[in-house]
Protein chains: 2
Amino acid sequence: MGALADPLRLAIVGVLSRGEHCVCDIRAELPVAENLLSYHLRVLREAKLLTATRQGRWVYYRLDPDGFAALWAALAAAGVPLPGEAVATGRAGRSCAEGEVAP
Amino acid sequence: MGALADPLRLAIVGVLSRGEHCVCDIRAELPVAENLLSYHLRVLREAKLLTATRQGRWVYYRLDPDGFAALWAALAAAGVPLPGEAVATGRAGRSCAEGEVAP
DNA sequence: CGCTAGGTTCAAGTATGCTTGAAGCAAGAT
DNA sequence: ATCTTGCTTCAAGCATACTTGAACCTAGCG
């Protein structure tokens, strides 16, 4: 998680969600320093959300379906209500106020 | 986003995913300073992921379904592949290497 | 080979966010 | 009113992450 917490990285994912792109094309859509883009691409790569392949002089990035699947699985395991899931809003067992404020 | 990027906040959401809890009960499940818990609860509250209601001396927190719905909607709008969605891995139009390395 | 273009990495400064301790506020108990 | 409990807020220290500039590496070209 946290890899999607940066607006630039979210924008990168947005570009790549339309298909594979090389760094120079990403940079054409996102006006940002080459350094910075490389840094954020690395963060996303280390988060397993992106994969990179070199072709000649260019490096092509694409989204990693397995990484996103793992992300959603981890969130689900942590108890985060994913889209389409019901959100529990009822009262759970309480220990600190046991029977003090009976409804 | 980013509100779910902290392990403690993720744990808080996990506890609240089982239903409404007061702060002292959350604290009973997560060994953390009262200050710190209050801080992270505020972050989640300001992210619209939690709602708080005071009842007597206790403050009860619960997940906010609308907030989570808005979060997933925002991610979808940004192009993030949500669970169950296909991930585009094909080639998109390229401008920098137009026709140079024809497959 | 030397040279250039596309990307990456390194080391620095700055900003952001987390953590801690003390003070503050509200509501019930005395 | 005074005290205690449950929780929040404030201010300061510390850690982390972002940003910038320079050096570096690889692939292709002359």
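The structure presented is a predicted model; accordingly, all values stated were derived computationally and were not measured. Lettering follows sequence order; numbering is per chain, from 1.
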Enquirer: Do you see a donor-acceptor pair shorter than 3.5 Å between the side chains of A:R45 and A:Y61?
Expert: yes
Enquirer: Quick one: do B:M1 and B:L41 end up in the same hydrophobic cluster if we chain Ile, Leu, Val, Met, Phe, Trp and Tyr together by side-chain heavy atoms under 4.5 Å apart?
Expert: yes
Enquirer: Can you find a pair of side-chain heavy atoms, one from A:V43 and one from A:D6, that are under 4.5 Å apart?
Expert: no
Enquirer: So, B:R27 side chain and B:V32 main chain: donor-acceptor pair closer than 3.5 Å or not?
Expert: yes
Enquirer: Nearest 0.5 Å, please: how far is CD1 in A:I26 from OH in A:Y60?
Expert: 11.0 Å
Enquirer: Give the rounded distance in Å between these two atoms: CZ of B:R57 and C1' of D:dT4.
Expert: 8 Å
Enquirer: What residues in residues 5-14 of chain B put a non-hydrogen atom under 4.0 Å from any atom of DNA chain D?
Expert: none
Enquirer: So which of residues 34-42 of chain A are in contact with DNA chain C, with a heavy-atom cut-off of under 4.0 Å?
Expert: A:E34, A:N35, A:S38, A:R42
Enquirer: Is the shortest heavy-atom distance from the side chain of B:L63 to the side chain of A:T89 under 4.5 Å?
Expert: no
Enquirer: Quick one: side chains of residues 7-16 of chain A, donor-acceptor pairs under 3.5 Å with protein atoms, not counting sequence neighbours, listed by atom name and distance.
Expert:
from : atom 1 : to    : atom 2 : distance (Å)
A:R9 : NE     : A:A3  : O      : 2.6
A:R9 : NH1    : A:H40 : ND1    : 3.1
A:R9 : NH2    : A:G2  : O      : 3.2

Enquirer: Rounded to whole Å, please give me the gap between OH in A:Y61 and P in C:dG6.
Expert: 16 Å
Enquirer: Between A:H21 and A:E29, is a side-chain contact (heavy atoms from CB on, under 4.5 Å) present by the stated rule, with each step listed?
Expert: CA-CA 11 Å; A:H21 283 75; A:E29 301 205 29; 3.9 Å; yes
Enquirer: Show me the donor-acceptor pairs within less than 3.5 Å that the side chains of residues 66-87 of chain B make with the rest of the protein, sequence neighbours left out.
Expert:
from  : atom 1 : to    : atom 2 : distance (Å)
B:W72 : NE1    : A:P81 : O      : 3.1
B:E85 : OE1    : B:L82 : N      : 3.3

Enquirer: Measure the spacing between CZ of A:R42 and CG of A:L50 and express it to the nearest 0.5 Å.
Expert: 13.5 Å
Enquirer: Figure out the OH/P separation between A:Y60 and C:dG6, and round it to whole Å.
Expert: 12 Å
Enquirer: Quick one: B:I26 CD1 to D:dG6 P, roughly how many Å, whole number?
Expert: 14 Å
Enquirer: Going by number, which of residues 43-50 of chain B have a non-hydrogen atom under 4.0 Å from DNA chain C?
Expert: none
Enquirer: Would you kindly give the CG-to-C1' distance between A:L4 and D:dA17, to the nearest whole Å?
Expert: 16 Å
Enquirer: List, with names and distances, any nitrogen or oxygen atoms from the protein found under 3.5 Å away from nitrogen or oxygen atoms belonging to nucleotides 14-16 of chain C.
Expert:
none

Enquirer: Atom CZ of A:R54 to atom P of D:dC25: distance rounded to whole Å?
Expert: 14 Å
Enquirer: For B:V59 and B:C22, run side-chain contact (heavy atoms from CB on, under 4.5 Å): C-alpha distance rounded to whole Å, both residues' side-chain angles, the deciding distance at 0.1 Å, then the answer.
Expert: CA-CA 5 Å; B:V59 176; B:C22 71; over 6 Å; no
Enquirer: Starting from the C-alpha separation in whole Å, work towards a yes-or-no answer on side-chain contact (heavy atoms from CB on, under 4.5 Å) for B:L4 and B:L49.
Expert: CA-CA 9 Å; B:L4 295 178; B:L49 262 33; 4.0 Å; yes
Enquirer: Starting at CZ of A:R62, measure out to CG of A:D64 and round the result to the nearest 0.5 Å.
Expert: 10.0 Å
